Enquirer: 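I am attaching a structure below and will ask some questions about it afterwards.
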Amino acid sequence: MADTTVTSTFRPSRFNVVTRTDDGDAVVLYNSMRGSVFRVQDPVGQRVHDLLHNRRSVLRRPDPGTADESRLFDTLVTKGFLVAEEHDELAEADALRDRRKNRTDRLELIIMPTEACNFRCTYCYEDFALGRMLTEVREGIKSLVRRHRREHGIERLTVAWFGGEPLVAFDVIEELSTFFLEFCAEEGIEYSAGITTNGLLLTPEVARRCVELGISNYQVTLDGPAHTHDSSRFLMGGGKTFDEIIANLTRMAETDADFRVIVRTNFTEANSVHVPELIEQLGGLYAGDPRFGVIYRPVGDWGGPQGEESEAYAGKQAEMTKLDLCSNAVESGLAPADDVFLKPNGSVCYAASPWSFVIRPNGLVNKCTVALRDPRNAVGQLGADGDLGLDQELMSLWVDNDDAKDSGCHSCFFRPSCQGAHCPLVRIQEGTRPCPPQKVWIGPTITTVASNGRTR
Ligand code: SF4
Ligand code: SF4
């Protein structure tokens, strides 16, 4: 990278976005190579806009005698909004992608201790065919971790418990977590774990044990207040779930344990009007507790036997609703947990990284947690010796289907964040570019982030 302290000519970064706020008295700036968002009030905002809006302009560093202009210019250089004229930003984006893909120091396992579930959500895509994880698969996972340490020298192990409902097979989680904690402590490997759970079995005793087992991140879904949640997320065989989940979370909040809970709300066009009711309730319970955050997702067409009856919600209106709900949550004292999508690498799906694997209860190795019945997702079969048995051609479909091969992505301002790999499944199944909604609706997205006070 050029030394910007001696460079005299600059140009706006190709990864900038500059937009005016709705009230029109400020601009919001974003740079996807830095992941930073700033709101700048007029008249300085207008000056920034003038400097950055034309990507082709070549700009000279102002005379140091013009102190304000010079300071503003230097700030834009330091924050990456202006780059040295000769700086090759496309090569920088290539290097960012290649660093992510080629790293051998980490292993990420998404483990399904069972595919059974105690719920039957209306939009679920799973078929619950596989029960509790087999003993030989559990042994295979332990061998896999030992092997990756021995052969690749991994320094970081990340585990995400997923299902089905993973807490239905809590003994599997206990057995493997105990191994991970001990092995990582002995070998000096950094270890972190999280769980996606419906929250019903997360009783105070189970939550305490989970925290002891190193599970620090929890994603729990509440689809609106009790009357909407209980109509889409009910028990197998029927039965309400909302009150018990809230009681479990509230008892977690009453402890001083170190964890992070993200409450996820899936919304449809029909039920989104009820979500503010949930936000008010959660605000009353968890406002100001930094361990609790919220995310909102329009219900997608996720396929599957239950999903056939669900209503998918997409497009601009869905995205605007999501942003409104985020703002609403901030007003209620809750913390939105969506910042990562704007960071470099932040919109890349785990399926696109060669060091990330989904391990199913029968030892089948997948890349994607959604397309569980697509044969192209069955990239390997874990052996008891920890060999993943990978089919390299299938692996390549997931990990090489990115911006390297897509000239359209090369000119994209969002490339450092997405790398053309937001959803490899879309490229595989539909042959189209998987632009994420946060890129498509970047203006409203960054304006909301800035007004929510999450400027970095
Ligand atoms: S490939 Fe797409 S559908 Fe699969 S986990 Fe990634 S983002 Fe989700
Ligand atoms: S897939 Fe879309 S958002 Fe992602 S890098 Fe390519 S053009 Fe940009």
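Order of appearance sets the numbers: ligands from 1, and atoms from 1 within every ligand. Predicted, not measured: the structure shown is a model, and the values here were computed from it.
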Enquirer: In the protein, which heavy atom is nearest to atom 2 (Fe) of ligand 2, and how far is it?
Expert: Cys435 SG, 2.3 Å

Enquirer: Note the single closest protein heavy atom to atom 7 (S) of ligand 2, along with its residue, its atom name and the distance in Å.
Expert: Arg433 CD, 3.5 Å

Enquirer: Taking only heavy atoms of Tyr350, which atoms of ligand 1 are found under 4.0 Å from at least one of them?
Expert: 5 (S)

Enquirer: Does Arg106 pair with Glu155 as a salt bridge, N-O distance under 4.0 Å?
Expert: no

Enquirer: Heavy-atom pairs closer than 4.0 Å: do any link ligand 2 to the side chain of Cys412, the backbone, both, or neither?
Expert: side chain

Enquirer: Side chain to side chain donor-acceptor pair (under 3.5 Å) with Asn198: which of Gln219, Arg233, Glu165?
Expert: Glu165

Enquirer: Which heavy atom of the protein is the closest neighbour of atom 5 (S) of ligand 2, given with residue, atom name and distance?
Expert: Gly420 N, 3.4 Å

Enquirer: Answer yes if the ring centres of Phe10 and Phe73 are under 6.0 angstrom apart, and no otherwise.
Expert: yes

Enquirer: Just to check, does Pro436 reach to within less than 4.0 Å of ligand 2 when the distance is taken from its heavy atoms?
Expert: yes

Enquirer: Any donor-acceptor pair under 3.5 Å linking the side chain of Asn366 with the backbone of Asn377?
Expert: yes

Enquirer: Which heavy atom of the protein is the closest neighbour of atom 4 (Fe) of ligand 2, given with residue, atom name and distance?
Expert: Cys418 SG, 2.3 Å

Enquirer: Would you mind checking if Arg156 and Asp105 are paired as a salt bridge, meaning a charged N to carboxylate O distance below 4.0 Å?
Expert: no

Enquirer: If you round to the nearest 0.5 Å, how far is CG of Leu200 from CD of Glu244?
Expert: 5.0 Å

Enquirer: Does atom CD of Glu430 have more than 12 heavy-atom neighbours, drawn from other residues, nucleotides or ligands, at distances under 6.0 Å?
Expert: yes

Enquirer: Looking at CG of Asn31 and CZ of Phe38, how far apart are the two atoms once the value is rounded to the nearest 0.5 Å?
Expert: 9.5 Å

Enquirer: For the CG atom on Asp258, are there more than 12 heavy atoms of other groups (residues, nucleotides or ligands in this structure) within a distance under 6.0 Å?
Expert: no

Enquirer: Considering Cys409, Ser407, Ser411, which one's heavy-atom position lies nearest to atom 6 (Fe) of ligand 2?
Expert: Cys409

Enquirer: Looking at Asp402 and Lys101, is there a salt bridge between them, counting it only when a charged N and a carboxylate O are closer than 4.0 Å?
Expert: yes

Enquirer: Taking atom 2 (Fe) of ligand 1 as the centre, count the protein N/O/S atoms lying under 2.8 Å from it.
Expert: 1

